[in-house]
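Here the structure comes first, spelled out in structure tokens, and everything after it is commentary.
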Amino acid sequence: MTTAPASPSPASSALRRLGHRWPTWLALVLVVATFVDGTPPPALLAGLLAVMPLCYLAFGALRGELRRPGTLPVQVAGLLGFAAVAVTVLALDRTAGYHLLAAGWFGHAVWDFAHHRTGRVVPRAWSEWCCVVDLCGAAAILLWTWTGR
């Protein structure tokens, strides 16, 4: 007579689910470390906004995803759009620049989410990590801007 394997306890099941979210946990640590004492300079945040899409192009090239019909033009359009936001930020006053940065980072979080849902261009762990960084970063930019830090 064989016995059925014991089902996992609710605690071990919850820990397993949390373990699968390691990109989210790493992203939260990065956001806290970056924004704990205020908002970094607009030029740094704008530079990151312009560099983020380059990572997508690099991953897409390495994974062969850019060969899919229509993928390269969409990725280049994203790069140009986010770079345009980054350059515009540098021409604005500090408060308006931070508000546009928050919008740009939020827009990139939407971009990340779309990539996560399709599972294309970048690894899903990357798009999850980047989405959390961008979304929480956008919120932190607004928070610190509104509180004067």
Side-chain angles (χ1 to χ4, degrees), residues 8 10-147 149:
S12 67
S13 183
L15 286 174
R16 193 174 329 104
R17 282 194 305 276
L18 288 174
H20 287 294
R21 296 279 63 98
W22 65 266
T24 296
W25 298 114
L26 286 177
L28 291 172
V29 168
L30 176 65
V31 170
V32 168
T34 302
F35 293 97
V36 69
D37 58 352
T39 306
L44 173 66
L45 297 174
L48 291 172
L49 183 62
V51 167
M52 290 180 218
L54 290 173
C55 296
Y56 276 65
L57 282 168
F59 269 121
L62 291 172
R63 299 177 83 209
E65 293 278 340
L66 298 182
R67 287 185 240 131
R68 290 178 180 266
T71 302
L72 182 59
V74 169
Q75 296 304 311
V76 170
L79 170 65
L80 295 175
F82 291 116
V85 170
V87 169
T88 303
V89 163
L90 300 177
L92 298 174
D93 68 73
R94 190 171 178 87
T95 301
Y98 276 130
H99 287 143
L100 184 57
L101 274 169
W105 278 50
F106 179 78
H108 199 270
V110 172
W111 179 261
D112 300 324
F113 182 77
H115 283 80
H116 190 268
R117 297 292 294 163
T118 64
R120 294 189 175 154
V121 182
V122 296
R124 289 175 61 86
W126 176 269
S127 57
E128 177 183 335
W129 175 84
C130 199
C131 184
V132 173
V133 167
D134 294 343
L135 190 60
C136 294
I141 291 167
L142 289 177
L143 174 71
W144 291 130
T145 301
W146 293 337
T147 61
R149 292 181 76 186

Next item on the list: Please name the pair of heavy atoms, one in Leu79 and one in Pro53, separated by the smallest distance, quoted to 0.1 Å.
Entry: CA-CB, 3.6 Å
Checklist line | Which residues share a side-chain contact (heavy atoms from CB on, under 4.5 Å) with Val31, sequence neighbours left out | finding: Phe35, Val133, Cys136
Margin query: Per the salt bridge (charged side-chain N to carboxylate O under 4.0 Å, His left out) rule, what does the pair list look like for residues 97-109, sequence neighbours excluded?
Written below: none
Note to self: So, using side-chain contact (heavy atoms from CB on, under 4.5 Å) as the criterion, who are the partners of Ala125 when residues are at least two apart?
What the structure shows: Trp22, Pro23
Checklist line | Between OG on residue Ser127 and NE2 on residue His115, distance to nearest 0.5 Å | finding: 8.0 Å
Notebook entry, point to check: With sequence neighbours left out, which residue pairs that include part of residues 68-93 fulfil the salt bridge (charged side-chain N to carboxylate O under 4.0 Å, His left out) condition?
Noted result: Glu65-Arg68
Please tabulate, one pair per line, all N/O donor-acceptor pairs under 3.5 Å involving side-chain atoms of residues 99-112, not counting sequence neighbours.
| unit_1 | atom_1 | unit_2 | atom_2 | d |
| --- | --- | --- | --- | --- |
| His99 | ND1 | Thr95 | O | 3.3 |
| His99 | NE2 | Trp146 | NE1 | 3.3 |
| Trp105 | NE1 | Leu45 | O | 3.4 |
| His108 | ND1 | Asp112 | OD1 | 3.2 |
| His108 | ND1 | Asp112 | OD2 | 3.3 |
| His108 | ND1 | Asp134 | OD2 | 2.5 |
| Asp112 | OD1 | Tyr56 | OH | 2.4 |
| Asp112 | OD2 | Cys131 | N | 3.2 |

Next item on the list: State the OH-OG1 distance between Tyr98 and Thr39, to the nearest 0.5 angstrom.
Entry: 5.0 Å
Checklist line | Counterpart residues, side-chain contact (heavy atoms from CB on, under 4.5 Å), relative to Thr34 (two or more places apart) | finding: Leu30, Pro40
Item checked: Which residues share a salt bridge (charged side-chain N to carboxylate O under 4.0 Å, His left out) with Arg63, sequence neighbours left out -> none
Notebook entry, point to check: So which pairs with a foot in residues 42-54 pass side chain to side chain donor-acceptor pair (under 3.5 Å), sequence neighbours left out?
Noted result: none
Margin query: List the residues meeting ring pair (Phe, Tyr, Trp, His ring centres under 6.0 Å) with Phe59, not counting sequence neighbours, and say none if there are none.
Written below: Trp126
